[in-house]
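Only one structure is covered here, and it is reproduced in the block below.
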Amino acid sequence: MVVRTDAGTGARTGARTAGAAGERVEPLPFGRAAAELGLLPRELELAVQLGLVLTEPPQRAGGRRRVARAEVARLRAEDTEAGGGSAGAGAPAALRERLRLVGTVAGAEELGVSPVRFTRLARAGCFAPARFYVNRYRVVVWLYLATEVEQFGDREPGLLRGPLPPAMRVELAEGTDVRARGWRQRRVEQLLAERVDPWERAGAYAAVLSDAALAEEVPDAGERARVVEHRAELVAPARGGSESARRVVEGVLLAESDAEALGFRLGLAVELQAARSEYAAPLPVPAALLTTPAAPPPGGSPPARPAGGTRPRRGSLNWLRRGRRRRTGLPR
């Protein structure tokens, strides 16, 4: 289960910088920041997801986050201090190494094991994928952070040689494969780290739930519409590609089992409750109830009844009273 946290990783908003004379310095657009760091946009995107690069909110809704100039300078300075070379030449070597991805073959070489054993360890959840793509055979190819693979080898040398633990062998024989689940868990955690508003955080949880599961968890149409509005994209929309490849990708994005979905649904429920508490407000009081009826003149007759000679139904007035006491969770 992904739990709510009050503090995110480095993907949260970074500080805005100021020039020598105190003037405001605009952050760099995402593509420009990637170019100045010597990275491809997808590499910088991964760095942001991993919390290695601080970002600032986009200028407009739906836009890409921006990078402060001071953040670019910080990354270059760290690389220079670490002996990575000149601060102005290419991508910082230390950052590039932390972003290095390996597939099955390269990962197996990192651990000194066979590709078959590496795949078995990955299926068992010993390390989670950081990215994936669909090859021309419509097969998901998983990519892992080289640093995490190396850390696993240092931490669990006993799993690199000899028989695997009996419980792990049983699970693998039953077809266990938690690679997609591990990637979804990592991705939702990354989204939560950069979101503060409860509606937006609810959208992060909703990203891995099917429409049916979301409708069941959020039965109110107004609330569900707000959650869908903030529903996060786990991967960038694919350009081109076949329909079959898109279906393979969609299969990776959604929680596979009820047990996995339960954790995300619980997180969604927590954020919905927070949203209701934060944005709740009483219903407006009808103007008719705010008007004090005029008193009849001395010795005069009471005000005439409405046309038709009927009284307002007591049940309708009770409904209005109940409405005044209600608190709603409708989005702002």
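Sorted by first and then second residue, the ring-ring contact (aromatic ring centres under 6.0 Å, His included) pairs involving residues 165-194 (not counting sequence neighbours) are Phe132-Trp183. Each side chain to side chain donor-acceptor pair (under 3.5 Å) pair with one or both residues in residues 150-159, not counting sequence neighbours, appears once here: Arg100-Glu150. Counting only residues at least two apart or in different chains, salt bridge (Lys or Arg N to Asp or Glu O under 4.0 Å) contacts with residues 129-138 comprise Glu45-Arg131.
Of the possible donor and acceptor atoms, none in the side chain of Arg123 sits under 3.5 Å from a partner among the backbone N and O of Arg179. Arg184 contributes a side-chain N or O that, together with a main-chain N or O of Val252, makes up a donor-acceptor pair within less than 3.5 Å. Panel note: side chain Arg195, backbone Glu200; a donor-acceptor pair is recorded below 3.5 Å. Arg169 places no side-chain N or O within donor-acceptor distance of the main-chain N or O of Pro163, the cut-off being under 3.5 Å. Using a distance-only test at 3.5 Å, with no hydrogens or angles considered, a donor-acceptor pair links the side chain of Arg66 to the main chain of Pro57.
Taken together through direct or relayed side-chain contacts under 4.5 Å among Ile, Leu, Val, Met, Phe, Trp and Tyr, Tyr205 and Leu253 form part of one hydrophobic cluster. Cluster annotation: Leu40 is not connected to Phe30 through the hydrophobic network of ILVMFWY side chains, with a link wherever side-chain heavy atoms come within less than 4.5 Å. Grouping the Ile, Leu, Val, Met, Phe, Trp and Tyr side chains by contacts below 4.5 angstrom, directly or via other members, places Leu254 apart from Val134. Both Val149 and Met168 are assigned to one and the same hydrophobic cluster, defined by single-linkage of ILVMFWY side chains at heavy-atom distances under 4.5 Å. Hydrophobic clustering, with ILVMFWY side chains joined whenever heavy atoms are under 4.5 angstrom apart, groups Val208 together with Val228.
As a member of the Ile/Leu/Val/Met/Phe/Trp/Tyr network built from side-chain separations under 4.5 Å, Tyr137 groups with Val139. Other residues sharing the hydrophobic cluster of Val178, ordered by chain and number and joined by side-chain separations under 4.5 Å: none, the residue standing alone.
Atom CG in Leu164 sits 4.5 Å away from atom CZ in Arg117 (nearest 0.5 Å). Atoms CG and CG, from Asp177 and Leu172 in turn, are 9.0 Å apart once rounded to the nearest 0.5 Å. Atom CD of Glu217 is separated from atom OG of Ser210 by 11.0 Å, given to the nearest 0.5 angstrom. The distance from the CG atom of Leu37 to the CD atom of Glu43 is 10.5 Å, given to the nearest 0.5 Å. Expressed to the nearest 0.5 Å, how far CD of Glu26 lies from CZ of Arg69 amounts to 9.0 Å.
In this structure, Leu52 and Leu75 have side chains that are not in contact, with every pair of non-hydrogen atoms separated by 4.5 Å or more. For the pair Pro165 and Leu159, the minimum side-chain heavy-atom distance is below 4.5 Å. The shortest distance between side-chain heavy atoms of Leu272 and Trp199 falls below 4.5 Å. A heavy-atom distance below 4.5 Å is found between the side chains of Arg76 and Val72. Side-chain contact check for Arg187 versus Gln49: some heavy-atom pair is nearer than 4.5 Å. Side-chain atoms of Leu191 and Leu234, non-hydrogen and from C-beta on, do get closer than 4.5 Å to each other. With contacts defined as side-chain heavy-atom distances shorter than 4.5 Å, the pair Leu39/Leu95 qualifies.
With sequence neighbours left out, the side chain to side chain contact (heavy atoms under 4.5 Å, CB included) criterion links Ala128 to Arg186. With sequence neighbours excluded, the residues forming a side chain to side chain contact (heavy atoms under 4.5 Å, CB included) with Asp211 are Arg231, listed by chain and number. For Glu216, the side chain to side chain contact (heavy atoms under 4.5 Å, CB included) criterion is met by Arg265, not counting sequence neighbours. Residues meeting the ring pair (Phe, Tyr, Trp, His ring centres under 6.0 Å) test with Phe152, sequence neighbours left out: Phe127. Listed by chain and residue number, Glu71, Glu78 satisfy the side chain to side chain contact (heavy atoms under 4.5 Å, CB included) test with Arg74 (two or more places apart in sequence, or in another chain). Applying the side chain to side chain donor-acceptor pair (under 3.5 Å) test to Glu174 and every residue at least two apart in sequence or in another chain returns nothing.
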Show me, pair by pair, the donor-acceptor contacts under 3.5 angstrom made by side chains of residues 101-109, not counting sequence neighbours?
none

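Residues Ala255 and Glu260 share a closest heavy-atom pair of CA-OE1, 3.6 Å. Here the closest heavy-atom approach between residue Leu44 and residue Ala34 is recorded as CD2-N, 3.6 Å. The nearest pair of heavy atoms linking Val218 to Arg224 is O-NH1, 2.6 Å.
With salt bridges taken as basic N to acidic carboxylate O contacts below 4.0 Å, one links Arg226 and Glu229.
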Q: Report the C-alpha distance between Gln190 and Leu50 in whole Å, list the side-chain angles of each, state the deciding distance to 0.1 Å, and finish with yes or no for side chain to side chain contact (heavy atoms under 4.5 Å, CB included).
A: CA-CA 7 Å; Gln190 292 166 349; Leu50 297 175; 3.9 Å; yes
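Side-chain contact, Glu189 with Gln185: a donor N or O sits under 3.5 Å from an acceptor N or O.
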